[in-house]
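Note that the coordinates shown come from a computational prediction; the quantities given were computed from them, not determined experimentally. Sequence lines set the chain letters: A, B, ... in the order given, protein chains first and strands last, and positions in each chain run from 1.
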Number of protein chains: 2
Amino acid sequence: MTQIEAEASPPQADRTIQSVDRALSVLETIARRRGEVTLQQICEDLELNASTCHHILRTLMARNYVRPGTARGRYMLGSQIVMLAEAVNVKAELPGRAKPVMDELNRVTEEAVHLAVFDRDEMITLVKREARHALKVDSGSIGKSRAMHATATGKVLLSGMSEEEVRRLCTLHGMARFTVNTCTDPEALLAELEQDRARGFSEDREEFQLYVVCTGAAVRDPAGRIIASLSVSTPINRATEAHLGLVRREVMAAGRKLSLTSLDMSEVPSS
Amino acid sequence: MTQIEAEASPPQADRTIQSVDRALSVLETIARRRGEVTLQQICEDLELNASTCHHILRTLMARNYVRPGTARGRYMLGSQIVMLAEAVNVKAELPGRAKPVMDELNRVTEEAVHLAVFDRDEMITLVKREARHALKVDSGSIGKSRAMHATATGKVLLSGMSEEEVRRLCTLHGMARFTVNTCTDPEALLAELEQDRARGFSEDREEFQLYVVCTGAAVRDPAGRIIASLSVSTPINRATEAHLGLVRREVMAAGRKLSLTSLDMSEVPSS
DNA sequence: GGACCGATTTCATGATGTGAAATCCGCGCT
DNA sequence: AGCGCGGATTTCACATCATGAAATCGGTCC
């Protein structure tokens with residue numbers, strides 16, 4: 001093989017299998033190029049020998065991860081990838097990806113951060129980060145909650161549901177009053193959800209706990225369905241419009257970051 | 001390495017890269033097991049050395065195709081797979097997969113078979129198989145068609161759209177009359193589509209061409225959206241209820257076969 | 001606390017992936 | 001048609017790299 005390798009690639013030789021690593025790169029390159037791709041394009045992008053690249057393509061084609069394109073010598077991603085993707089439990093692997101993003105959100109806002117999902121008619125808080133202030137908000141801990149109608153996290157999840165579903169849940173759980181601000185009318189809640197969908201975030205202004213304002217944003221799957229919600233809890237004394245503006249921007253950005261939408265297109269090829 | 005290999009695996013040594021092949025098997029095994037999986041389960045299924053398997057997992061984890069599960073020593077599929085899947089152009093790779101299925105449908109029914117998709121407000125027939133009879137039906141060839149309201153293929157595609165979308169297309173293309181049976185009333189068409197959705201297939205009884213009955217079924221993506229339609233064209237003289245029954249069953253089965261839904265679960269693990 | 005079970009790492013060995021070169025194949029040009 | 005070129009395939013000898021036996025680590029259950 002190449003003996004003039006030397007410093008070509010950084011010396012960070014991880015303990016990974018070269019051929020597998022290259023095969024994954026090939027898949028990602030085809031994905032990045034969108035549509036049908038020639039052998040040459042792939043090996044240019046990856047600086048691979050055409051032969052090596054072809055061996056990899058042959059292997060991927062044998063298992064339907066890659067398919068021949070319409071024209072001769074063209075390649076495209078195959079259906080097997082979609083079948084694999086079907087088996088990815090997005091909710092289950094979300095906490096793992098969420099932690100670093102939540103740490104960052106926690107660092108920037110300095111407030112408590114929560115991640116919750118909806119499962120079997122319940123809202124379940126999966127991950128939590130504490131505020132970086134002496135005055136900590138003790139809003140909902142890890143586990144189930146019946147206060148979807150009164151929390152930002154809950155309203156985000158509700159905003160991804162149909163009107164009937166929301167009504168059903170209101171009836172099922174009831175709409176308990178927690179503070180003078182709690183919304184206990186299904187119609188008012190539905191109207192609020194409509195507004196939330198439009199502006200892209202939900203808010204709880206002392207509806208669940210007095211002196212606490214929460215701001216929530218959605219995490220979506222590739223089809224755009226809401227699979228989880230992310231929220232920031234701010235004590236009322238820090239809840240100035242300026243600070244809330246920052247919080248809204250950051251929580252929405254974090255939600256978008258966790259939403260699975262296509263590959264990182266940062267290095268879009270020239271041709 | 002193992003020298004007592006010999007007849008362990010069939011001698012069908014394709015020209016594929018062993019390590020890549022194994023890595024793909026690992027991914028599929030995790031997918032097949034649903035949820036979190038231990039190293040041991042994987043190497044049992046694949047009859048791989050635990051160390052080899054671990055090397056592969058390490059590589060896949062470095063690129064987020066696999067993630068550590070909630071418990072220690074557990075593995076699950078990672079989000080990168082979903083990102084790759086986003087880039088699979090299901091419509092573009094469909095014809096390739098469809099051909100063998102259409103050949104089979106053509107063989108079993110002995111009638112002409114068509115595959116069509118909807119793109120930019122038009123129905124486009126992509127692949128076609130001729131009937132295996134002296135009396136051939138010359139229904140629509142490859143390319144665009146403005147007869148969605150009068151063909152089985154078209155009605156299948158329309159049945160995957162909202163009422164507004166269907167109305168918009170009726171207005172846009174008009175509802176030309178081709179035969180005495182052509183449906184030219186949007187309301188009647190919408191009612192028919194409702195029925196088609198319920199029974200799972202669409203039919204064109206001499207609505208586009210006299211003496212020709214067509215039966216169509218949907219091809220869906222993993223989210224259940226209709227991405228293409230498959231149809232069989234039967235000349236009226238062969239269109240007995242018995243034959244049409246066969247045709248309906250077969251075209252629906254073929255449609256299901258082309259729809260991308262999870263992995264082949266044929267070899268479900270015991271534990 | 002100790003023994004077991006399984007995950008992880010190490011490391012030497014040679015099987016296996018690699019890439020230079022040869023070949024094939026389709027397409028455009030004369 | 002025939003030729004020549006650009007790219008995709010295939011071949012094949014070499015040494016790199018994947019491999020798996022064994023050692024180590026790390027939890028968990030007695």
**OP:** Give a yes or no on this: more than 12 heavy atoms of other residues, nucleotides or ligands lie within 6.0 Å of atom NZ of K91(B).
**Re:** yes
**OP:** Indicate for each nucleotide in nucleotides 4-11 of chain C, in 5' to 3' sequence, whether protein heavy atoms under 4.0 Å reach the base (B), only the sugar-phosphate (S), or nothing (-).
**Re:** --SSBBB-
Original post:
Tell me: CD1 of I17(A) to P of dA18(D), nearest whole Å?
Top reply: 6 Å
**OP:** Could you tell me the separation between the CG atom of L48(B) and the P atom of dA21(D), rounded to a whole number of Å?
**Re:** 12 Å
Original post:
Do the side-chain N and O atoms of E36(B) and T70(B) include a donor-acceptor pair separated by under 3.5 angstrom?
Top reply: yes
Original post:
Given the rule in the salt bridge (Lys or Arg N to Asp or Glu O under 4.0 Å) test, do E93(B) and R97(B) qualify, once you have shown the distances and angles that lead to the verdict?
Top reply: CA-CA 7 Å; E93(B) 62 88 61; R97(B) 277 188 306 129; 3.0 Å; yes
Distance-only donor-acceptor pairs under 3.5 Å for side chains of residues 49-56 of chain B, two or more places apart:
| unit_1 | atom_1 | unit_2 | atom_2 | d |
| --- | --- | --- | --- | --- |
| N49(B) | OD1 | S51(B) | N | 2.6 |

Original post:
Tell me, which pairs form a salt bridge (Lys or Arg N to Asp or Glu O under 4.0 Å) where one or both residues lie in residues 67-83 of chain A, sequence neighbours left out?
Top reply: none
**OP:** Kindly calculate the angle separating the two end axes of the helix from dG1(C)-dC30(D) to dT30(C)-dA1(D), each obtained from five base pairs, and round it to 10 degrees.
**Re:** 40°
Subject >> Touch class at under 4.0 angstrom, heavy-atom based, for S19(B) against every strand present >> reply: sugar-phosphate
Original post:
Under 4.0 angstrom, heavy atoms only, what part of the nucleic acid is R74(B) near: base, sugar-phosphate, or nothing?
Top reply: nothing
**OP:** Apply side chain to side chain contact (heavy atoms under 4.5 Å, CB included) to I227(B) and list each qualifying residue two or more places apart in sequence or on a separate chain.
**Re:** V90(B), V219(B), D221(B)
Original post:
Taking atom C1' of dG19(C) as reference, at what distance in whole Å does atom CD of E44(A) sit?
Top reply: 17 Å
Original post:
Looking only at heavy atoms, which two atoms of T151(A) and F208(A) are closest? And how far apart?
Top reply: CG2-CG, 3.9 Å
**OP:** Using atom CD of Q18(B) as one end and atom C1' of dC17(D) as the other, report the distance to the nearest whole Å.
**Re:** 12 Å
Subject >> Partner residues of E250(A) under the side chain to side chain contact (heavy atoms under 4.5 Å, CB included) criterion, sequence neighbours left out >> reply: L105(A), V108(A), T109(A), L246(A)
Original post:
If only side-chain N and O atoms of R22(A) are considered, is one of them under 4.0 Å from the OP1 or OP2 phosphate oxygen of dT18(C)?
Top reply: yes
Original post:
Checking side chain to side chain contact (heavy atoms under 4.5 Å, CB included) for the pair L60(A)/V26(A): CA distance, chi angles, key distance, verdict?
Top reply: CA-CA 9 Å; L60(A) 294 172; V26(A) 167; 4.1 Å; yes
Subject >> Integer-rounded Å distance: dT18(C) P and D21(A) CG >> reply: 11 Å
